[in-house]
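A quick write-up on the structure given underneath.
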Number of protein chains: 2
Amino acid sequence: MVGRLAADNIERRSGVSLWRQIADKILHAIAIGDFTENAALPPEVTLAERYGVNRHTVRSAISALVREGVLRAEQGRGTFVLSRKRLSYPIGARTRFSTGLQGQTTERHIVLLASSVEPASQRVAEGLGLARGTDVIRLETRGEADGRPVSRAAGWFEARRFAGIDAAMAQTGSITASLARFGIDDYLRQSTVLSARHADAADLADLDLQPGAIVLVTVAVNVTPDGQPIQFSESRFPAERVELKLSAL
Amino acid sequence: MVGRLAADNIERRSGVSLWRQIADKILHAIAIGDFTENAALPPEVTLAERYGVNRHTVRSAISALVREGVLRAEQGRGTFVLSRKRLSYPIGARTRFSTGLQGQTTERHIVLLASSVEPASQRVAEGLGLARGTDVIRLETRGEADGRPVSRAAGWFEARRFAGIDAAMAQTGSITASLARFGIDDYLRQSTVLSARHADAADLADLDLQPGAIVLVTVAVNVTPDGQPIQFSESRFPAERVELKLSAL
DNA sequence: TATAGTTGTCTATATCAATAGACAAATTTA
DNA sequence: TAAATTTGTCTATTGATATAGACAACTATA
């Protein structure tokens, strides 16, 4: 059994090249587990027939995925799958980065990329229940699991109340631990809004993606158990590596 | 104020044509509310400068969106926004199609596209807690709001227990009402797994999308209040028209 | 009623995407 | 070892994408 790559479904003159569409299909098949790690892809000629395209077009798709580190091609043998199934990232009332991926990865951590103080934009102010323009601290972070980037997030905190949270984050590598230093032992996810779009240039660089990739975007507010907003965040997840599992709240 | 279309972020030789990327950016800007209905887009020359492309490339993007019914171009005057902000589709313990969109739309309904009886696949069987191969009824539906398709779903029900649910659905146009005929007055969302991918040919046709569009995909299990699985479903939402709002359970 | 600003159309050219065919190079199998 | 299978490379051709420039057509306004 060679995996279930959908029959045709290829759109011409769509603004998306055929090789990119085929690469997406292969990525998706791997992501949902149709190909296990090290499994062989069907030969190029077979794929070309299945999609109704020229063999060279299939080769373009494959070589893009080889560049991305998803496939490995071996002359005379075949083309093999390197990456694994998508990670399942839980989202619920007590969404935490590290605990959520336990069991699926051997190692995970958060890197603080940058931090700054800035006046709250309209949506940040709304989310945190502050006046627009109030000083807030922005933390830019990247989540990594087994060496692969799995999330890219910006978090905003009221500057007056959480002065120094950037330093705490740099030290501890954990939002939860950093908030604990400000007397916050527990917090809940109040709201999450979810959307998807093509990765932009920043996403491509931060998450090590190739052009044309899709990112899942969550915009969320975390509150203390008594309902006080403490964090507004926007996170981006590479759709080809991560799915979101909505857990009971 | 002309709206905040992101500065550049255009990727060349990415497999996605420049005009498609620019169309996506305009769609996104409209979707998040940067342009209100009837607002004028910046002139073509301005957009071309902003993205660092030729005016003709911008025109390709715009004409694609005109074909999609998102924009209206008027010679001598400008190009104007027709579509509105994204709908916000709530997902929670009591996710229901109709009630969820109340207040955002004046009209919404579900169309039954097709139904069939089939042996349960591995994942359907797992979701419903049945043996693989058990007969299940599949209902293919499309959700529409104010005349625009907003969702495309497949739902699976155990055939023995819910014999005739296809007729009920055709009559009532409501899953909730159909389940009521089988003595199910309440049901809860047990699990939801969320992902995103490019729309395939079926999605394009069913949801009236253009190639290159992105769909949000949810795979969910609904259960009775005492935890008995009754429905397994896979839904697809056009990311350019819908965002998902995860509500408290 | 000019004039400036905007979209629409045309021609020409260069580059990317896709097809077609042939054959080389490496690996596995009979 | 020979044959079959599979990936790698090359040449050539066609159509879609993107750039460039010029000017027409229409609208609003000074």
Side-chain angles (χ1 to χ4, degrees), chain A residues 2-3 5 8-26 35 38-67 70-82 198 210-212, chain B residues 2-3 5 8-26 35 38-67 70-82 198 210-212:
Chain A
V2 295
L5 282 167
D8 42 309
N9 288 339
I10 298 290
E11 298 287 324
R12 299 176 113 87
R13 75 193 72 173
S14 65
V16 182
S17 63
L18 301 187
W19 64 263
R20 173 49 61 192
Q21 293 182 55
I22 291 171
D24 281 345
K25 287 212 175 294
I26 295 174
F35 293 96
N38 297 317
L41 229 59
E44 295 170 351
V45 187
T46 309
L47 290 175
E49 276 168 15
R50 194 174 301 179
Y51 292 122
V53 300
N54 192 275
R55 181 183 155 224
H56 293 296
T57 307
V58 169
R59 284 181 59 76
S60 296
I62 289 176
S63 71
L65 295 179
V66 168
R67 278 196 304 277
V70 174
L71 299 176
R72 178 187 68 250
E74 293 183 26
Q75 185 169 356
R77 293 194 66 220
T79 304
F80 303 90
V81 173
L82 287 175
H198 281 119
Q210 295 299 113
Chain B
V2 294
L5 283 167
D8 41 309
N9 288 339
I10 298 289
E11 299 286 327
R12 281 162 197 273
R13 74 192 72 174
S14 66
V16 182
S17 64
L18 301 187
W19 64 262
R20 173 51 58 193
Q21 293 183 55
I22 292 171
D24 281 347
K25 287 212 174 296
I26 295 174
F35 293 96
N38 296 318
L41 228 59
E44 296 169 352
V45 187
T46 309
L47 290 175
E49 276 169 13
R50 196 174 300 178
Y51 293 122
V53 300
N54 192 275
R55 182 184 153 223
H56 294 295
T57 307
V58 169
R59 283 181 60 76
S60 297
I62 287 176
S63 69
L65 295 179
V66 168
R67 278 197 303 275
V70 174
L71 300 176
R72 179 186 69 249
E74 293 183 25
Q75 186 169 357
R77 294 195 65 222
T79 304
F80 304 90
V81 173
L82 286 175
H198 280 121
Q210 295 299 113

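Naming: A, B, ... by sequence-line order, numbering from 1 per chain. These numbers were taken from a predicted model, which means no experiment stands behind them.
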Quiz prompt | Whole angstrom value for the distance that separates P of D:dA16 from CZ of B:R20 | solution = 16 Å
Quiz prompt | Pairing residues for B:S17 by the side chain to side chain donor-acceptor pair (under 3.5 Å) criterion, not counting sequence neighbours | solution = B:W19
Quiz prompt | Distance (rounded to the nearest 0.5 Å) between B:T57 OG1 and B:L47 CG | solution = 12.0 Å
Quiz item: Is there any salt bridge (charged side-chain N to carboxylate O under 4.0 Å, His left out) pair reaching into residues 58-67 of chain A, and which pairs are they, with sequence neighbours excluded?
Solution: A:E44-A:R59
Exercise. Would you give the length of the straight line joining atom NE2 of A:H198 to atom CZ of B:R20, rounded to the nearest 0.5 angstrom?
Key: 8.5 Å
Detail all sub-3.5 Å separations between protein N/O atoms and N/O atoms belonging to nucleotides 4-7 of chain C.
residue	atom	partner	partner atom	Å
C:dG5	N2	B:G76	O	3.2
C:dT7	OP1	B:T79	OG1	3.4
C:dT7	OP2	B:E44	N	3.0
C:dT7	O4'	B:G76	N	3.4

Would you tabulate the pairs of protein nitrogen or oxygen atoms and nucleotide nitrogen or oxygen atoms of nucleotides 10-17 of chain C closer than 3.5 angstrom?
residue	atom	partner	partner atom	Å
C:dC16	OP1	B:R13	NH2	3.4

Self-check item: Counterpart residues, side chain to side chain contact (heavy atoms under 4.5 Å, CB included), relative to B:T79 (two or more places apart)
Solution: B:L41, B:I62, B:L71, B:A73
Quiz item: Any side-chain heavy atom of A:Y51 sitting closer than 4.5 Å to one from A:Q21?
Solution: no
Quiz prompt | Which residues share a salt bridge (charged side-chain N to carboxylate O under 4.0 Å, His left out) with A:E74, sequence neighbours left out | solution = A:R72, A:R77
Quiz item: Are any non-hydrogen side-chain atoms of A:I22 and A:V53 less than 4.5 angstrom apart?
Solution: yes
